[in-house]
Amino acid sequence: MYQSFSILYQVLETSSGTVFKVEEKFQNISKIYYAFQFIEQQIMSESLRDNIQKLEQSNHRDLFRKYIKMHKDDQKQLYLFDYIEGSQFLDQKIKDYGKLTKSFVYSEIQQYLKNLLLALYQLHSKDIPGRVFSTFNIVVQPGEKIVLMDFGFEPEIEKNHLDILAPPEYLKKIINKENYDKFDLKFDSWLVGAFLYHLIKFQSINQVNVNNSYVRYKYDQKEQFYEYLNSIKFIPCQTSRYKNTLLSLVQDLLTCDPNKRLSFYQIYQHPFIKDLKIDQLDSYLQFYQKCEYIRDLKNEVIFTNQLKSEPPLISRLVNQKPLIQEVPTVSKPNVPEYLKIIMKKPQFSDSSFYNYWFQIQLDCLRCYILVQTTDRITILSKYDYQYIKVLEYFIKKMHLLILREMNNYLKSKLYQNQPNKNWENFLNQHQEDLFASEQINLYLKDLELELQTIFEQHCQTHLRQDSQLPQEIKQSLNDNRVQDPYYYFLNGYADAIQMLLQCIDQLIAQNQEGNLEELQAFKKLIYFCIDINFSFQSQTFKEQFQQLKQKNQELQPNDVIKFLGVTNNFR
């Protein structure tokens, strides 16, 4: 099974890091993403992941970059986000307009500002600062809707070669190396002004006329820019192309004294904003009347050097001394004989066949581990755990999606998106070593019926009555979109596995009934489910599980089976 990942080009650099356009190819599917490589010393903290999850609940989620997954190799750790076809970064659109000596019309400015204020309200109401948004990192979709690509997480905004957009009171703090505990929303007021200024003047606020020549201040000149800002009351924004209501708004936002700068409560009362006819204006006014500060993410940063010394969760598991405990499992009709493929290594006439077989083995291993996990989750019934069937649903659905995907590529004549004679020869010569398509189709139907039954008899009850079930789990249960394993991993499955792991950890800590060994064995199995779509790809498997390999031999999928000790009575 073919999979590749390539960086197409660098899109921009922000104070959070670098954004690339990347392409991922998997079987015969090519996907484009925006990818963030966060600055070397800092990385997304768990609190920021929580904030992204908060935005998933927003009715205006489309105004923000949508996190898909992480890609990691020997050189880079990239966070992948949705690529929006036909989109353009707003800074580039400004440049294009400048070349044509074309100004933004009022309707464009109004639309962008309306979207921006709506996005900022969503952030602020969830305790997330805007902090780094600008025309440089905002994408314009077809239809003039904007998407914020960078926001919130930015504890160290200073980066010497980037434009200074931060307000003067913040410059003073970084010059004097001062810390602060809360985020003043007037920081974002200033940035709204800087955003509008760039649309109007076709230059950013740090491009200043000093002694009849333009200087573009960057963070390596922060002292000089701060001195300049101290010499003026506001950054002027005069032009005959726009009405005074807009220009006065910009100047009131770019007022250097934060005590005189417009707050968001005052912004929504400004005549220019009133003309935007924003829906639910009263609720925004009520919110900002009470909210001037929000918590800051500054103290929640974790450092990549800490992460580098800490191997992935699943690698930490295999570093432990194996606790092999064979627990009999029940033989099930119609279940594909995953173990037969995992443990077998045919003799192949062509060396490329080994690569094909290896990936098929890994996909069977994924399915096998998920089946084992659903079999053993019943041990939680001893503890009256109420979400057994809900978690079983998530694990069975991931099994279904992986098996369905495997079935599709085993029927396809394409390899690396192209017809491939070796792949065709492999399929023709080794049909008896592979699953019959009819068998997989039959089992897929069984799985679909099982999922439908579990959903109707158990999940629907929790959706209607259970206020304690996490919102992310509820949203996933209600999501009827066509899904693949990678989409599902990020939209429900990962949350469900973490929920299961937390339950097991609590039971181990309590150890009420002396079943510690049984619980620890189950926990070991769950660890292998956590990164089920990353750790079992051919390019990552050997790195992830190298500690399991037999002496002087290459790591094989059956080494994981031996470590888990889950081979009894299972087909």
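Under the side-chain hydrogen bond (donor to acceptor under 3.5 Å, both in side chains) criterion, Q10 pairs with no residue at all, not counting sequence neighbours. Residues meeting the salt bridge (charged side-chain N to carboxylate O under 4.0 Å, His left out) test with K344, sequence neighbours left out: D433. Applying the side chain to side chain contact (heavy atoms under 4.5 Å, CB included) rule to E450 yields the partners K396, L447; only residues at least two apart in sequence or on another chain are considered.
Between Y121 and F287, the angle of the ring planes goes over 60°, which puts this pair in the perpendicular group of the 30/60° scheme. Classified by interplanar angle (parallel below 30°, tilted 30° to 60°, perpendicular above 60°), the ring pair F536/F528 is tilted. Note: W423 and F426 have parallel aromatic rings, judged against thresholds of 30 and 60 degrees for the angle between ring planes.
Exactly one residue among T373, I377, V371 makes a side chain to side chain contact (heavy atoms under 4.5 Å, CB included) with D375. That residue is V371.
Under the 6.0 Å distance and 45° angle rule, R366 does not count as a cation-pi partner of Y338. Note that K524 lies in the cation-pi zone of F563, set by a 6.0 Å cut-off to the ring centre and a 45° limit from the axis. Taking the centre and axis of the six-membered ring of F36, the NZ or CZ atom of R65 falls inside the cone set by 45° and 6.0 Å.
Using a 4.5 Å heavy-atom threshold, the side chains of F541 and V560 count as touching.
Between Y83 and Y34, the distance separating the two ring centers is shorter than 6.0 angstrom.
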